[in-house]
Amino acid sequence: MDHENKFKKVLIVDDEKHICEMLSEFFSENGFGVETSFTGKKALEKIEKKGFSVMLLDIKMPDVDGIEILKKVKKIDPDLPVIMMTGNISANSAIESVRYGAYDYITKPFDLEEAFSAVRRGWEKRTLEIQNRILLEELKKKVFELEVLYETANAISYTLDHKELLRSLLESLQKVVKYDLSCSLLVNKDKEAEIYLQMINPVTNGFIESAKKRAVELFNTESELRINKKDINIIKIPELKKSSPTNLKKKLKDIRSNVFAFLKNNGKIEGVINLSGGEKKAFTPNDIRLLNTIASQMSSAIRGLRGVKMSEKSKMEKLVESMSDGVMMTDEVGNIVVMNPQAMKMLCYRRKEDNGINFTQNFLRKERNFDLDQILKNLKKAKGRVVSCEIKLNFPQEVILTADATEVKSKNGHFVGAVIVLRDITEQKCMEKMKSEFISNISHELRTPLTSIKNSVSILISGVAGSLNGDQKEFLSITRRNVERLNLLINAVLDFSKLESRKMKINKKLIDLCSLCDIVFKAIQSQALEKKIKLQKEFCKSPVKTYADPERIKQVLTNLLGNAIKFTPEGGKVFLGVGEISAKELKKYKLNLDSKRKFVIVWVKDTGIGIKAKYLDKIFDRFHRIEEEDEISTHKVCGTGLGLAISKEIAELHGGRTWAQSEFGKGSTFYFIIPAIVKRRKAV
């Protein structure tokens, strides 16, 4: 055996030259390699540099005591058999040398056959220890491999997702086979192909492309199916936890080693696992054996997984077929896996009439104006929220659908697909249009007689048509106030109708929000003075610039200030504030906005009756007013219940938000924000 010849060496350490020469000649003739040393120092240097099977050491050396040399040798090579040589052996010296690890001892003058017998026994002991160590290491490796295979079989039995299945298998494979890139190709009976890529070490795009090309070539060579690399969907599996840190500083460019195993189902090839390495001869025959074993496990797992998926898909299809809404289910890359008859009907899709066209994202986007790709992108950004959109179809007639998409996650929290619920809102939209037109027409019809009534009442009060007594003037004043209230109500309903139907136009221009707030502040002061309410400013010192529609922002400010004055008792205070704020600062208000954006903020704070916490989420709803017995009475306060709803819509049309904070009985603060002007850097 190679390791036997490698360690069939004897080191003779003795200060007597003729003994060294005699022993050297004898052992050389009997098949041993021999080296000699006349000092302890040189002997230790040789032990550190070369492997010896046996050492013959004189117990009396001139420079270092033999026992001391023995101690140091045992630190360097604990398993090296050391045979002590001495001319006047005593029980004490023999016991001492054995205590420090000597294998045997011989006395001078010694018989050469006796010396050879001792050396041979030491060499056999050394050889046996080496063989045992090698066998033990191999046994440990086999046990480890079996443990890994067991773990793999156990892990895949609980996995119902292809990506998770591959990840589990590759994680196990990496423990026993060292590779730089895995490229796994899976193909189903419909020739739909997916390549799962997993990088262990940094590699270039060229390295990846070569691995993909190799996988496709292997599959096309051995399989009955033929696939084109361009039609393959590429899926990247998240990076594995490495069993050992890499020392690579640069990306690997070229594949120098390659090993593969086919995935089979009933004898038919349905995929291939292709492992690539950047070093020559990176894979051993044992690696190939392990890869084939794991590939066999994986084939069984995929076969079982497909069976489970078909069963679950059948159950799901029966469930969704009975639903009145249209339902679609996709996988993680957007392929439609389930679609109920209602969805097909809504999208005007009939399998018999598509002339073999696959119902894919491309078909939806081009033929039905339904961009499934964009919905899935928005869904991934929404972080668990439902994503809604409207779809207008013009085939065979105009139909309007809403699509509400919800993400589906695995137990590990990975995105595995989406559920999209379709509802036909064509009739609802038609009713809303009719309602908006009715409100608009009736409001315009009411304005003409109201204007006439208002003008007539004003003429009567002024005395142009004749003198009036006190009671007559009082009744006419009440009439004029109610006409003005009715006019405000009509305007509010019209505005909200325009906002709701998205017909309200926003004419943005560069404005100084402080100046605009000051104008509204002065205009509403008389209203505050009537209730003896103190109106105060909290403006920042520098101008606050933004792009906005000044008339609509005035409307928001008037609504907020008017509300504050209405719900603040006499002698109270109302504050109007303006400033700038960052998205980071807005987090304290539980608003998660683009961290790079800046906003202008306006707040209206009062010392009024306040709002209970349970109503804060509802106050911006249309026609909402708080009129409960346990609230401070609001029935004496006039209003339409549309002011805050209109303010919210206007702020959102500007790309902003509205919200409120309040403490019941102590007052409220209403806020709105709109984007600030982004200051661009000047070109150098």
Side-chain angles (χ1 to χ4, degrees), residues 145 148-149 152-153 155-156 162-189 191-237 239-240 242-243 252-303 305-306:
E145 289 172 0
V148 169
L149 292 174
T152 305
I156 64 178
H162 278 99
K163 192 188 291 187
E164 286 299 313
L165 173 63
L166 277 166
R167 182 179 171 81
S168 297
L169 288 165
L170 292 170
E171 196 157 359
S172 298
L173 188 62
Q174 191 214 355
K175 294 176 182 177
V176 289
V177 179
K178 303 304 176 188
Y179 57 92
D180 297 309
L181 175 75
S182 89
C183 180
S184 303
L185 172 65
L186 294 179
V187 184
N188 63 23
K189 62 182 180 180
K191 292 187 179 182
E192 293 175 342
E194 293 176 336
I195 279 182
Y196 294 82
L197 290 174
Q198 183 117 50
M199 282 184 285
I200 302 301
N201 288 314
V203 298
T204 62
N205 289 334
F207 193 104
I208 294 171
E209 290 303 316
S210 297
K212 285 158 56 178
K213 183 180 178 182
R214 172 72 171 156
V216 174
E217 287 174 349
L218 286 167
F219 181 84
N220 285 339
T221 302
E222 299 295 330
S223 175
E224 296 176 0
L225 301 173
R226 293 291 181 273
I227 56 171
N228 191 326
K229 198 173 82 165
K230 294 180 181 178
D231 300 329
I232 298 173
N233 182 37
I234 306 298
I235 299 172
K236 290 185 178 179
I237 301 178
E239 185 179 347
L240 291 173
K242 296 176 184 176
S243 55
L252 296 169
K253 293 182 180 180
D254 301 315
I255 296 175
R256 297 184 178 181
S257 298
N258 189 268
V259 66
F260 64 90
F262 289 112
L263 303 172
K264 297 180 180 180
N265 184 10
N266 296 324
K268 293 183 178 180
I269 295 173
E270 293 189 341
V272 61
I273 300 176
N274 183 42
L275 305 182
S276 302
E279 295 181 2
K280 290 182 179 179
K281 298 181 180 179
F283 304 107
T284 65
N286 191 55
D287 291 339
I288 298 171
R289 180 182 61 79
L290 285 167
L291 176 60
N292 279 289
T293 303
I294 288 181
S296 177
Q297 283 185 325
M298 185 170 171
S299 296
S300 300
I302 290 174
R303 190 162 53 249
L305 177 59
R306 283 180 178 163

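What you see is a predicted model, and the numbers here were worked out from it, not measured in a lab. Counting from 1, the numbers follow the sequence of the chain as shown.
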Any idea which heavy atoms bring Asn258 and Ser276 closest together, and the distance? ND2-OG, 3.4 Å

Taking the side chain from Ser184 and the backbone from Ile273, do they hold a donor-acceptor pair closer than 3.5 Å? no

Applying ring pair (Phe, Tyr, Trp, His ring centres under 6.0 Å), which residue pairs with at least one partner in residues 264-283 are found, sequence neighbours left out? none

So CD1 of Ile269 and CG of Leu218: to nearest 0.5 Å the spacing works out to 9.5 Å

Could you list all the ring pair (Phe, Tyr, Trp, His ring centres under 6.0 Å) pairs where at least one residue sits in residues 203-227, not counting sequence neighbours? none

Not counting sequence neighbours, which residues clear side-chain contact (heavy atoms from CB on, under 4.5 Å) with Ser210? List them please. Ile255

Mind checking the CG-CD spacing from Asp180 to Glu279? Nearest 0.5 Å is all I need. 7.0 Å

side-chain contact (heavy atoms from CB on, under 4.5 Å) partners of Asp254, counting only residues at least two apart: none

Looking only at non-hydrogen atoms, find the nearest pair between Lys281 and Ser257 and report the distance. N-OG, 3.1 Å

Are Lys212 and Leu197 close enough, and set up right, to give a side-chain contact (heavy atoms from CB on, under 4.5 Å), and what steps lead you there? CA-CA 9 Å; Lys212 285 158 56 178; Leu197 290 174; 4.2 Å; yes

Who passes side-chain contact (heavy atoms from CB on, under 4.5 Å) against Glu217, sequence neighbours left out? Lys213

What are the two closest heavy atoms between Lys280 and Arg256, and how far apart are they? N-CB, 3.9 Å

If every non-hydrogen atom of Leu181 is compared with every non-hydrogen atom of Met199, which pair is closest and at what distance? CD1-CG, 3.5 Å

Would you please name every residue forming a ring pair (Phe, Tyr, Trp, His ring centres under 6.0 Å) with Phe260, sequence neighbours left out? Phe262

Give, for atom CG of Asn274 and atom CG of Leu185, the distance between the pair rounded to the nearest 0.5 Å. 9.5 Å

